[in-house]
Amino acid sequence: MTEKKCPSLETIEKIAAEIPTPFHLYSEKGLRERAHALKAAFSWNPGYKEYFAVKAMPNPVILNILRQEGCGVDCSSLTELMLAERVGFSGDEIMFSSNETPAEEFEYARRLNAVINLDDITHIDFLEAHGGLPEKVCLRYNPGGDFIIGNAVMGRPGDAKYGFTRAQLTEGVRRLMEKGVKRFGLHSFLASNMTDNDYYPTMARLLFDTAVELHNELGAEFFMINLSGGIGIPYRPEETAADIALVGEKVRAAYEEIISPSGVGEAVRVVTELGRYVAGPNGWLITRAVHEKNTYKHYIGVDACAANLMRPAMYGAYHHITVAGKEDAPCDHKYDVVGSLCENNDKFAVDRMLPEIQTGDYLVIHDTGAHGFSMGYNYNGRLRSAEVLLREDGSFRRIRRPETPADYFATLDFDHIEP
Ligand SMILES: *Cc1c(COP(=O)(O)O)cnc(C)c1O
């Protein structure tokens, strides 16, 4: 069980008096706490760093808060690299874990001296031609088949577009060594939103074993094992959060068993690229009930829509909803909570039991900190919302203004419309 916490009605009213709904609200305290907890869990590894996945919450104020907590960034596009650069990240503080990468993006990442994580064997020659090969390179491994934890199939990596096969890893490392690359990293991302405490440890064992094999086959030296993202959060109250301290300890046990005695490298770093774990529970989408509609079902129409939070429409994802100020009221009404898109998937909740909602009530949609605002889009000409930071002292600050129609029209050309 997980208690679903959110800001009080009083706090929301105070913010909404200045910043119209909808908006995403982020907890600075929560973000710092999560960064701390991660650092503590992996403190046994002196080279540990969390490379926050920028795509989860791409806002410079947020990235800077995480930078202050010792995090780096994981980027996978030109604009994410630019954002990282503008916040002041450089060199080893940037992981570039891209795929189907355009030439100019490799060139940009090389200029920043970012750690390059190659997604495919053909990218060896491509990177050599576009930016050049660095002395250290990380490779993304896709073991194929089923990914099993205990007895349960947790994912099908073989169906995913990412990474080198096992045979390609051997071939790729051999070719990179011939081309003068001195040290290697190994990365994998095998399942998403995993709250199972054995996700990282299971994958860590696979990566550690594979590094040892590559070392034994080719004499390759390793500087880093990158466990990537994928640790999940309890979106539903009945789910249980991952115990990050325990996860860290289990990875440590695997490290001491496999890496420490192996000689694959000096002080091999273990790093992570978590997005959801760090940011997910520290964001809420604040929206207001604007319509109530009773037809074959009972609908509450809100002023946010899937353009502000795509996960329910895209994945059927559950996001908990609290009606602000009615936390203790009985959940005795069944509603569909819907946005305004001309798209029937635009539903934040279906058949959800909630307290009776009046037009004007504030609804808090939980766990929108990761892959929330950032997945936004402009379908139906809907505009992206503001982002607001709730500080540790209870004050707030707008950290992104909402889009205006001028933003929507900025890329359009009306000069060539014939009469
Ligand atoms: C999306 C992504 C992440 C972050 O994933 P989460 O599920 O948010 O932890 C990390 N690394 C890579 C390469 C990704 O694509």
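Atoms within a ligand are numbered from 1 in the order they appear, just like the ligands themselves. Atom set for the values below is all heavy atoms of this structure, side chains included, hydrogens, waters and symmetry mates excluded.
- With respect to Lys297 and Asp336, a salt bridge is recorded, a charged nitrogen being found less than 4.0 Å from a carboxylate O.
- Between Tyr199 and Phe147, the gap from one ring centroid to the other is short of 6.0 Å.
- The shortest N or O to N or O distance between Gly275 and ligand 1 is below 3.5 Å.
- The contact set between ligand 1 and Leu274, taken as ligand atoms under 4.0 Å from a residue heavy atom, comprises 9 (O).
- A heavy-atom distance below 4.5 Å is not found between the side chains of His215 and Glu221.
- Between Glu249 and Arg252, at least one side-chain N (NZ, or NE/NH1/NH2) sits under 4.0 Å from a carboxylate O, which counts as a salt bridge.
- For residues 138-151, every residue pair satisfying the side chain to side chain donor-acceptor pair (under 3.5 Å) rule, not counting sequence neighbours, is listed here: Asp146-Arg156.
- Of all the atoms in ligand 1, the ones that sit under 4.0 Å from a non-hydrogen atom of Arg276 are 6 (P), 7 (O), 8 (O), 9 (O).
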- Message: Apply side-chain contact (heavy atoms from CB on, under 4.5 Å) to residues Leu389 and Ile62 and explain how you reach the verdict.
- Response: CA-CA 8 Å; Leu389 183 68; Ile62 301 298; 4.0 Å; yes
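- Annotation: Glu273 places an N or O atom under 3.5 Å from an N or O atom of ligand 1; distance criterion only.
- When heavy-atom distances to ligand 1 are checked against a 4.0 Å cut-off, Tyr277 has no atom that comes that close, whether in backbone or side chain.
- Residue Ser97 has no N or O atom closer than 3.5 Å to an N or O atom of ligand 1.
- Of the heavy atoms in Ala53, only side-chain atoms (C-beta onward) come closer than 4.0 Å to ligand 1.
- Under 4.0 angstrom from ligand 1, the non-hydrogen atoms of Arg140 all belong to its side chain.
- The protein non-hydrogen atom at the shortest distance from atom 2 (C) of ligand 1 is Lys55 NZ, 2.3 Å.
- Nearest-residue assignment for atom 7 (O) of ligand 1 (options Gly230, Gly163, Ser228, Ala191; heavy-atom criterion): Gly230.
- Ring centroid separation for the pair Trp44 and Tyr255 comes in under the 6.0 Å cut-off.
- Contacts between Asn193 and ligand 1 below 4.0 angstrom, taking non-hydrogen atoms only, are absent altogether.
- Checked by atom type, the side-chain pair Thr368/His319 shows no donor-acceptor distance below 3.5 Å.
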